[in-house]
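Worksheet: one structure, shown below.
Quick note: numbers below take in every heavy atom, side chains included, and nothing from hydrogens, waters or symmetry partners.
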Amino acid sequence: MLVRKTPKNRLVVTGSFASSKNGQMDAFESLLEKEYMLLLEFDERVLRFDPQPVAITVPGITKGTQRCSISIDG
């Protein structure tokens, strides 16, 4: 599950990358991120990749009244 959407921004390079490994359009927020996706796309050892941070719910750990999630970036 993605943590956030990539916003459109006129100050930095943003866009979409057509990934055949992921079977979808993946958003990027910098040229470095786009080039890294390109490297992952052509690396034969990579089966698929998550372009944005994901949330992982840890069972039994709560934060206040809500369940705690850990956000993992790349």
Heavy-atom donor-acceptor pair, Asp43 side chain to Arg45 backbone, under 3.5 Å: yes
Distance, nearest 0.5 Å, that separates OG1 of Thr14 from NZ of Lys34: 11.0 Å
Residue pair Ala27 / Pro51: nearest heavy atoms and the distance that separates them: O-CB, 4.2 Å
CG on Asp26 to CG on Asp50, rounded to 0.5 Å: 8.5 Å
Phe49 atom CZ: more than 12 heavy-atom contacts under 6.0 Å: yes
Flag side-chain contact, heavy atom, 4.5 Å: Lys21 against Val46: yes
Phe42-Leu40 co-clustered via ILVMFWY side chain contacts under 4.5 Å: yes
Within one Ile-Leu-Val-Met-Phe-Trp-Tyr cluster: Leu38 and Met25, side-chain cutoff 4.5 Å: no
Point-to-point distance, once rounded to the nearest 0.5 Å, from CD of Gln24 to CZ of Phe17: 11.5 Å
Between Glu41 and Ser19: side-chain donor-acceptor atoms closer than 3.5 Å: yes
Heavy-atom check, side chain of Phe28 versus side chain of Met37, under 4.5 Å: yes
